[in-house]
**Student:** 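Structure provided below as structure tokens; questions to follow.
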There are 2 protein chains.
Amino acid sequence: MVDPDGPTPVYVQIADIIQLRIEAGELQPNRPIPSELALQQEFGVARGTARRAVELLRDRGLVFTVPQRGTFVSQQTP
Amino acid sequence: MVDPDGPTPVYVQIADIIQLRIEAGELQPNRPIPSELALQQEFGVARGTARRAVELLRDRGLVFTVPQRGTFVSQQTP
DNA sequence: CGTGATTTGTTCGTATGTATC
DNA sequence: CGATACATACGAACAAATCAC
């Protein structure tokens, strides 16, 4: 799924994959994306890496995080 | 009781201690082991750490968990 | 029957240390 | 040296189910 040896950092690869899922409609507005633990398990990475991927998606404006609740797809795709 | 600075992770140390208690008969089959809160207090660790110790014991097949009830010593010690 | 205490389940926030490139 | 990545650990909050009363 991800390539640890590629030129692109793993956390960027994961963010890109999630972004594709959002754009494909697999992840819908106001619906949660997988938790950090789920991402950690799905991609076989450390939690910090999953976290950084979500951070990146936040920076891109694609998702928003509610503490102790989860991270959700933004209403308006920028 | 546990050594946070040792080479062995704290959650492994705790799991090992519980395992010894099971093998010593202090904790008996079908009887509950201490709750996550109790372990947290006894060993002076965060709940997440106590939880990971219990997870490890489950992986070892020494205990089983019943949601909202507790974690119990397995009938058959593998 | 309802209410509160207990217990596990889940999630995010943060920090530290190690290793690699 | 900085960026990446992993593993560990603490904290905090909320949910949901069970049980004693």
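Within every chain, numbering begins at 1; the chains are lettered A, B, ... in the order of the sequence lines, protein sequences first and strands thereafter. Note: hydrogens, waters and symmetry copies are ignored here, and every other heavy atom, side chains too, is used.
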**Student:** Heavy atoms of chain A, cut-off under 4.0 Å: which first and last nucleotide of DNA chain C, 5' to 3', fall inside that, if you could look?
**Tutor:** C/dT11 to C/dT14
**Student:** Do B/M1 and B/I18 land in one hydrophobic cluster if side-chain heavy atoms of ILVMFWY residues count as linked below 4.5 Å?
**Tutor:** yes
**Student:** When the axes are fitted on five pairs at both termini, how much does the helix from C/dG2-D/dC21 to C/dC21-D/dG2 curve, in 10° steps?
**Tutor:** 10°
**Student:** Between A/R60 and A/E23 (salt bridge meaning N to carboxylate O under 4.0 Å), is one present in this structure?
**Tutor:** no
**Student:** Mind checking if A/V10 touches a base, just sugar-phosphate, or nothing, with heavy atoms under 4.0 Å?
**Tutor:** sugar-phosphate
**Student:** Does a side-chain N or O of A/R52 approach OP1 or OP2 of D/dT4 to a distance below 4.0 Å, or not?
**Tutor:** yes
**Student:** Does D/dA9 have OP1 or OP2 under 4.0 Å away from a side-chain N or O of B/T49?
**Tutor:** no
**Student:** Whole angstrom is fine here: how far is it from CG in B/L56 over to P in D/dA7?
**Tutor:** 15 Å
**Student:** Going hydrophobic residue to hydrophobic residue with side-chain gaps under 4.5 angstrom, can you get from B/L62 over to B/L56?
**Tutor:** no
**Student:** Check whether any side-chain heavy atom of B/Q41 sits under 4.5 Å from a side-chain heavy atom of B/L37, and report yes or no.
**Tutor:** yes
**Student:** How about A/I17 and A/V2: do any of their side-chain heavy atoms sit closer than 4.5 Å?
**Tutor:** yes
**Student:** Would A/Q19 and A/L57 count as a side chain to side chain contact (heavy atoms under 4.5 Å, CB included) here? Give the steps.
**Tutor:** CA-CA 7 Å; A/Q19 177 165 358; A/L57 290 169; 4.3 Å; yes
**Student:** Of B/P4 and A/Q13, whose closest DNA chain D nucleotide lies nearer the 5' terminus?
**Tutor:** A/Q13
**Student:** Checking all strands, does B/G70 fall into the base, sugar-phosphate, or nothing category for heavy-atom contacts under 4.0 angstrom?
**Tutor:** sugar-phosphate
**Student:** From D/dA5, D/dT18, D/dG11, pick the nucleotide closest to the side chain of A/P9?
**Tutor:** D/dA5
**Student:** Are any of the side-chain heavy atoms of B/F64 and B/N30 separated by less than 4.5 Å?
**Tutor:** yes
**Student:** Report yes if the side chains of B/V45 and B/L39 come closer than 4.5 Å at any heavy-atom pair, otherwise no.
**Tutor:** no
**Student:** So if I take residues 31-47 of chain A and measure heavy-atom distances to DNA chain C, which residues fall below 4.0 Å?
**Tutor:** A/S35, A/E36, A/R47
**Student:** Is any side-chain N or O of B/Y11 closer than 4.0 Å to OP1 or OP2 of D/dA9?
**Tutor:** no
**Student:** Mind checking whether A/I22 and A/V63 have side chains closer than 4.5 Å, heavy atoms only?
**Tutor:** yes
**Student:** In Å and rounded to the nearest 0.5 Å, what is the CD1 to CD distance from B/I14 to B/E42?
**Tutor:** 8.5 Å
**Student:** Between atom CZ in B/R51 and atom C1' in D/dT8, what is the gap in whole Å?
**Tutor:** 16 Å
**Student:** Write down the distance between CD1 (A/I14) and C1' (D/dA5), rounded to a whole number of angstrom.
**Tutor:** 11 Å
**Student:** If only atom types and distance count, is the side chain of B/S74 paired as donor or acceptor with the main-chain N or O of B/G61 below 3.5 Å?
**Tutor:** yes
